[in-house]
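Remarks on the structure that follows.
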Amino acid sequence: MLVIALLVVGLVFFTGGGVGILRFPDFFTRLHPAGKLDTLGSLLMMLAVAIYNLEHFSWEALLTSLKIMLIVLFIFLSSPTATHSIVDAGIRAGMVPWRKETPEEKAE
Amino acid sequence: MKKLGLLLVILSGALLLYATVDFPLWGDPSSPASLHVSPRYIEKTMEETSVPNIVTAVLADYRGFDTMFETTVIFGAGVVCFLLLRVLGGEEGDHYYRHLPTGVTIHVKGAKGKSLSGEFERIDMLWTPYDLVIKTACRIMIPFIQIYALYVIAHGHHSPGGGFQGGVILGASVILLAISQNLRTALRRIGEKTVGILCAIGVFIYAGTGALCLALGRNFLDYAALASVLGTDPVTARSHGILIVETGVGIAVMATMIWIYNNVSSAGRYDEGL
């Protein structure tokens, strides 16, 4: 039951991330869902897999689950760092963050 | 000359395409490979080489000759990248140095590169301030990536993995260092000459193991000959022989990855790089 709940929640996050990447207006805002939601989504899904693996408890299964959690740790470290570096590169390349058009600009 | 080359490429391509017509159908159960070759590997691998992972046994033992030349091809790719891209000779022009304790940057015009005392760091025009977050995260991750790479190489007998995969991960860890810090830092850790020599050593380990088997009175790359050297029975010797050549492959692949990255990212000048 917990596994299903975690999987569904993870799926919601992944879907949100995917929609966000497609729908957001510019580079920086698109990186926002790509960095955050994917990290949390994969965290939840990996957690679900790790718990499911422990259904019939044995030490080997526990070891496998621990390895899965190590993957989560790795993603947790690397994914935000990668997003950060991409944003950094974008700023250095001179990309201007998107902002909402003011009424005067719309009128033009 | 170019047209001649193109003609040769097209001709050999057409020849290869023509040859594929004679292949047995994909997944054909009555093809020679499925009738004789695969069942033999599946049945005999464990008792002949004591390696649970059949893929590894086929790759490094039964078809060791093929894999040896694959390693040689990778070595060749590294050498070609070096020969085509590397800009040799002294670097004329402006140099920039930074005094580490004070952060003062010094600009030396039109001189050859100078050797540096410990307090100065050579920097480049394209130099950009490196990010603390990326540096720290990579510093934490790189050792674990390297340990994992060694695990992949050593555990190729029992799980997916082996020299090629592990070597690529090892090379990627050094490339990550070059990306997160800069190319000069990575070159200080593992220099150009070291990379070239390691690349050759990897191929040498593989070919040398084969030659050793030859010298011990068996066929080339028949690791059972190593039994007397390793002090084990022939079956275990084959298992160990696979590990030895996988190590060679890993070293060669790692060095080639780093070598190609160094040359391509800095266009052969070995300065800033990306």
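Naming: A, B, ... by sequence-line order, numbering from 1 per chain.
Open room surrounds CZ on A/Phe76; 12 or fewer heavy atoms of other groups in view lie less than 6.0 Å from it. Within a 6.0 Å sphere centred on CZ of A/Phe13, other residues, nucleotides and ligands contribute 12 heavy atoms or fewer. The number of heavy atoms from other shown groups lying within 6.0 Å of CZ (A/Phe28) is above 12.
From A/Ser78, atom OG reaches atom CG of B/Leu176 across 9.5 Å, with rounding to the nearest 0.5 Å.
Within residues 138-148 of chain B, the residues having any heavy atom under 4.5 Å from a heavy atom of chain A are, by residue number, B/Ile140, B/Met141, B/Ile145.
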